[in-house]
Number of protein chains: 2
Amino acid sequence: MATTTAAQRRARAKTEYDAFFAACPSRELLNRISGKWVALVLAALGGDGPQRSGGGCTGEPRPMRYSELSRALAGVSQKMLTQTLRSLERDGLVSRTVVATVPVTVTYELTGLGVSLHHMVRGLKTWAETHMDDVIAHRASYDSEPAG
Amino acid sequence: MATTTAAQRRARAKTEYDAFFAACPSRELLNRISGKWVALVLAALGGDGPQRSGGGCTGEPRPMRYSELSRALAGVSQKMLTQTLRSLERDGLVSRTVVATVPVTVTYELTGLGVSLHHMVRGLKTWAETHMDDVIAHRASYDSEPAG
DNA sequence: TGCTCTACGCACTTTCAGGTGCCTACTTCC
DNA sequence: GGAAGTAGGCACCTGAAAGTGCGTAGAGCA
């Protein structure tokens, strides 16, 4: 029977779509940067963190130690920091360097690719700071409207 | 006792951080666009969808009906489409227009703010298409390395 | 007159990112 | 010599997002 009109057509479309969906580079990018700590790590390694010394707040990429990151991203657990750094390293966005000092120290640094991504995330941040006020305003007026 | 050095310091920092974190505009933006269907809806309304007619694939923003969106984003459930559209409408990114035709039809359209956001998402897409190959390559080589 | 379409609403369930807690092996400080 | 720091690993838990399924109210269609 060819009565499979609306629901089944959609189910079929969904199946086809999912394969494409999983491989979509934009989706992968969104999944990567929407991680709770990814953008923070990028910002910290990119020099956007809270600068306690120096003048401007532009900041330049610089290597940071694990414990330094842990302090800069106050609130992150060791597990999540490790996990985030590992996934970023896996994707070639940061490089991990082990230094055999007194207690073994590890430094993380943005790669070229990571710097590129960081620039884009900074663009996101700029957009957010420019337009999110409008969004919040809309949200407030929408919520205050009588539901109808 | 003032022995609360490492763990408790971190717990305290986390508490302070969370308040800032929740209000961070960049975080809000990421939360918004990282929704599974948000970027797709933006792309569809912005004209980036699969163009079955016409020449270039640049596309211009145009209003679309609910069912039209449902077909364009093959695989989305009605619930998620509605939910996504509502949240976008709430944030002033799309406008919803009810037309009292034979069966009541609803059209959705990007607002100015929505178009602005769509441009940025398009930037993300461009970055993804340019650099994600590198990322995938890194990922593959990382995975193939002997774990050590 | 039973089926489908439109544009949803509601309730339940699944899934997984993120969080918590406890462990390590080595070293330095007091 | 016990506490804390360094750089994590492992196992379990939770909460929110996403998915599934069913209902609806009016209308067209064979």
Side-chain angles (χ1 to χ4, degrees), chain A residues 1-11 13-15 17-18 21-22 27 30-41 64-71 73-87 89 96-108 147-148, chain B residues 1-11 13-15 17-18 21-22 27 30-41 64-71 73-87 89 96-108 147-148:
Chain A
M1 44 173 106
T3 43
T4 66
T5 30
Q8 296 212 4
R9 205 190 318 165
R10 195 163 295 160
K14 178 190 165 72
T15 309
Y17 202 71
D18 277 354
F21 198 78
R27 177 54 38 185
L30 275 176
N31 285 343
R32 166 121 333 279
I33 65 174
S34 67
K36 183 166 179 181
W37 301 103
V38 174
L40 284 309
V41 169
M64 290 177 80
R65 294 184 41 196
Y66 179 91
S67 53
E68 195 178 359
L69 277 169
S70 179
R71 273 184 294 271
L73 281 65
V76 70
S77 67
Q78 283 101 330
K79 176 204 158 183
M80 288 314 296
L81 182 53
T82 300
Q83 190 172 299
T84 303
L85 288 169
R86 279 291 144 80
S87 72
E89 186 200 356
R96 179 171 177 270
T97 314
V98 179
V99 185
T101 52
V102 185
V104 57
T105 55
V106 183
T107 59
Y108 293 91
Chain B
M1 45 174 99
T3 43
T4 67
T5 27
Q8 297 213 3
R9 206 189 319 165
R10 195 164 295 159
K14 179 190 167 70
T15 307
Y17 202 70
D18 277 353
F21 197 78
R27 175 55 38 185
L30 276 176
N31 285 345
R32 166 119 336 276
I33 65 175
S34 68
K36 184 166 179 183
W37 301 104
V38 174
L40 283 311
V41 168
M64 291 177 79
R65 294 184 41 197
Y66 179 90
S67 53
E68 195 178 358
L69 277 169
S70 178
R71 273 184 295 271
L73 281 64
V76 70
S77 68
Q78 283 99 331
K79 177 202 155 181
M80 287 315 295
L81 181 53
T82 299
Q83 190 172 299
T84 303
L85 288 169
R86 279 291 143 80
S87 72
E89 187 201 354
R96 178 171 177 269
T97 314
V98 179
V99 185
T101 53
V102 186
V104 58
T105 54
V106 182
T107 59
Y108 293 91

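Chain naming here is simple, since letters A, B, ... match the order of the sequence lines and numbering starts at 1 in each.
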Check: Please give, in whole Å, the distance from dA17(D) C1' to R86(B) CZ?
Finding: 18 Å
Check: What is the distance, rounded to the nearest whole Å, between atom CZ of R96(A) and atom C1' of dA7(D)?
Finding: 8 Å
Next item on the list: Output yes when at least one side-chain N/O atom of S70(A) is less than 4.0 Å from OP1 or OP2 of dA7(D), else no.
Entry: no
Next item on the list: Could you go through the side-chain contact (heavy atoms from CB on, under 4.5 Å) check for T105(B) and Y66(B) one step at a time?
Entry: CA-CA 8 Å; T105(B) 54; Y66(B) 179 90; over 6 Å; no
Note to self: So, OP1 or OP2 of dT6(D): does either fall under 4.0 Å of a side-chain N or O from R71(A)?
What the structure shows: yes
Next item on the list: Let me know the distance between CE of M80(A) and P of dC16(C), rounded to the nearest Å.
Entry: 15 Å
Check: Is the distance from OP1 or OP2 of dA18(D) to the nearest side-chain N or O of S77(B) less than 4.0 Å?
Finding: no
Note to self: Tell me the interatomic distance from E68(B), atom CD, to dA7(C), atom P, rounded to whole angstroms.
What the structure shows: 10 Å
Checklist line | Atom-to-atom span, CG of N31(B) to P of dA17(D) - whole angstrom | finding: 8 Å
Next item on the list: May I ask you to evaluate whether R65(A) reaches the phosphate of dT6(D), defined as a side-chain N or O under 4.0 Å from OP1 or OP2?
Entry: no
Notebook entry, point to check: For the side chain of T82(A), counting heavy atoms from C-beta on, which of dG9(D), dA7(C), dT6(D) is nearest?
Noted result: dG9(D)
Check: CD of Q78(B) versus C1' of dA18(D): gap in Å, rounded?
Finding: 15 Å
Item checked: Sidechain-backbone polar pair: E68(B) side chain, R65(B) backbone, donor-acceptor under 3.5 Å -> yes
Item checked: Stepwise side-chain contact (heavy atoms from CB on, under 4.5 Å) test for R96(A) and V106(A) -> CA-CA 7 Å; R96(A) 179 171 177 270; V106(A) 183; 3.6 Å; yes
Item checked: Whole angstrom value for the distance that separates P of dT6(D) from CE of M64(A) -> 13 Å
Item checked: Test side-chain contact (heavy atoms from CB on, under 4.5 Å) applied to L30(B) and L30(A), step by step -> CA-CA 9 Å; L30(B) 276 176; L30(A) 275 176; 5.6 Å; no
Check: Closer than 4.0 Å, any side-chain N/O of K79(B) to the OP1 or OP2 of dA11(C)?
Finding: no
Notebook entry, point to check: Where the side chain of Y66(B) is concerned, which of dG19(D), dC8(C), dG8(D) is the nearest nucleotide?
Noted result: dC8(C)
Checklist line | Whichever of W37(B) and L85(A) has its nearest DNA chain D nucleotide further upstream toward 5' | finding: L85(A)
Checklist line | Under 3.5 Å: donor-acceptor pair, side chain of R32(B), backbone of V38(B) | finding: no
Next item on the list: Take atom CD of Q83(B) and atom P of dA16(D), then tell me their distance rounded to the nearest Å.
Entry: 14 Å
